[in-house]
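Let me begin by presenting the structure, written as structure tokens, before commenting on it.
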Amino acid sequence: MRIPIIAGNWKMYKTEEEAFQLASELQKRLKDVNGVKVILCPPFTSLSSVRKAIENSLILLGAQNMHWEEKGAYTGEISPHMLLTAGCKHVIIGHSERRSYFSETDEFVNLKVKSALKFDLSPIICVGEKLDQREANKTEEVVEIQVKGAFKNLSAQEAEKTIIAYEPVWAIGTGRTATPAQANEVHTFIRELLSSEFGKQCADKINILYGGSVKPENSKELLGMPEIDGALVGGASLDAEFFEKIVRNAIES
Ligand code: PEP
């Protein structure tokens with residue numbers, strides 16, 4: 001049995017103070033919640049304030065990106081060791097916004113995934129097709145290349161510590177959502193792919209989250225699908241009431 005995971009990707013929103021307020025509010029609202037793993041991924045500048053707001057709670061801290069090196073002359077970058085010592089347990093890797101605006105390739109994603117695991121961070125690996133690729137019936141082909149690229153040279157023991165987020169690019173921040181059946185179909189494909197690469201036992205341990213305009217209204221149906229093990233939430237994670245509802249829907253589904 002996989003415990004559902006609801007992760008909030010706050011993207012480039014919230015000052016340190018605003019992040020503290022939102023995380024404190026969530027900590028209060030989600031006090032009684034169990035049976036679901038909640039992860040908050042604020043910007044780097046707010047990791048410390050969110051860490052303070054969620055201490056003594058079950059909410060976990062995550063980052064949105066990292067470099068693969070432990071340290072070095074990489075101006076503007078953040079290392080996995082820095083994230084670990086800042087209290088992070090998770091890190092989002094290969095988000096489509098990083099792939100498209102910052103030219104992140106599958107090779108970079110693979111380096112980052114391996115490095116995150118080495119530093120005891122569980123990566124949330126994002127994959128997903130663009131609209132023209134879906135329309136050309138290339139969804140599985142694209143997702144297979146991304147999954148195989150991200151997991152290259154990983155052992156099954158390493159692979160089972162990861163989380164995958166299937167995020168169709170055309171559904172991110174657009175208000176368009178994949179239908180529960182469309183998402184479940186791709187999740188099933190990813191699980192089969194993981195099973196053929198690492199064996200069924202390993203594949204069954206990996207949570208596959210859906211991401212793309214998840215809101216309280218559509219979350220129940222999406223999270224109720226057998227292969228959808230949680231959600232990576234962007235816009236709606238910036239609103240405490242919406243995010244709480246999505247978390248509670250994950251428990252009920
Ligand atoms: C995301 O940023 O990963 C995301 C899914 O965003 P949104 O929920 O806003 O579509």
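Heavy-atom basis, side chains included; hydrogens, waters and symmetry copies ignored. Note that ligands are numbered from 1 as they come in the structure, with each ligand's atoms numbered from 1 the same way.
- A distance of 8.5 Å separates OG1 in Thr174 from CD1 in Ile172, rounded to the nearest 0.5 Å.
- Residues Gln21 and Glu25 bring no donor and acceptor atom of their side chains to less than 3.5 Å of each other.
- Evaluated by nearest non-hydrogen atom to atom 3 (O) of ligand 1, the leading choice among Glu167, Gln64, Glu97 is Glu167.
- For the atom pair CZ (Phe243) and CZ (Arg248), the distance works out to 12.0 Å, reported to the nearest 0.5 Å.
- Test Ile125, Thr139, Leu232 against Tyr166 for side-chain contact (heavy atoms from CB on, under 4.5 Å) and you get one pass: Thr139.
- Heavy atoms of other residues, nucleotides or ligands lying less than 6.0 angstrom from NZ of Lys114 number more than 12.
- Polar contact check, Thr174 against ligand 1: no nitrogen or oxygen pair lies under 3.5 Å apart.
- Considering only non-hydrogen protein atoms, atom 9 (O) of ligand 1 sits nearest to Gly235 N, 2.8 Å.
- Using a 4.0 angstrom heavy-atom cutoff, Ala171 counts as in contact with ligand 1.
- The proximity of Ile172 to ligand 1, defined as any non-hydrogen pair under 4.0 Å, involves the side chain as well as the backbone.
- Atom numbering of ligand 1 starts at 1 in the shown order; those under 4.0 Å from a heavy atom of Leu232 are 3 (O), 5 (C).
- Defined by atom type and a distance below 3.5 Å, a donor-acceptor pair is present between the side-chain atoms of Glu129 and Trp170.
- Looking only at protein heavy atoms, the nearest one to atom 8 (O) of ligand 1 is Gly234 N, 2.8 Å.
- Not one N or O on the side chain of Arg2 forms a donor-acceptor pair closer than 3.5 Å with the backbone of Lys205.
- Heavy-atom separations between Lys215 and ligand 1 are all 4.0 Å or longer.
- Every atom of ligand 1 is numbered from 1 in the order shown, and the set under 4.0 Å from a heavy atom of Ser213 is 7 (P), 8 (O), 10 (O).
- In terms of protein heavy atoms, atom 1 (C) of ligand 1 is closest to His95 NE2, 3.2 Å.
- Atom numbering of ligand 1 starts at 1 in the shown order; those under 4.0 Å from a heavy atom of Gly173 are 7 (P), 9 (O), 10 (O).
- Between Asn65 and Lys112, the side chains place a donor N or O and an acceptor N or O closer than 3.5 Å (distance only, hydrogens not considered).
- Under a 4.0 Å heavy-atom criterion, Gly212 is in contact with ligand 1.
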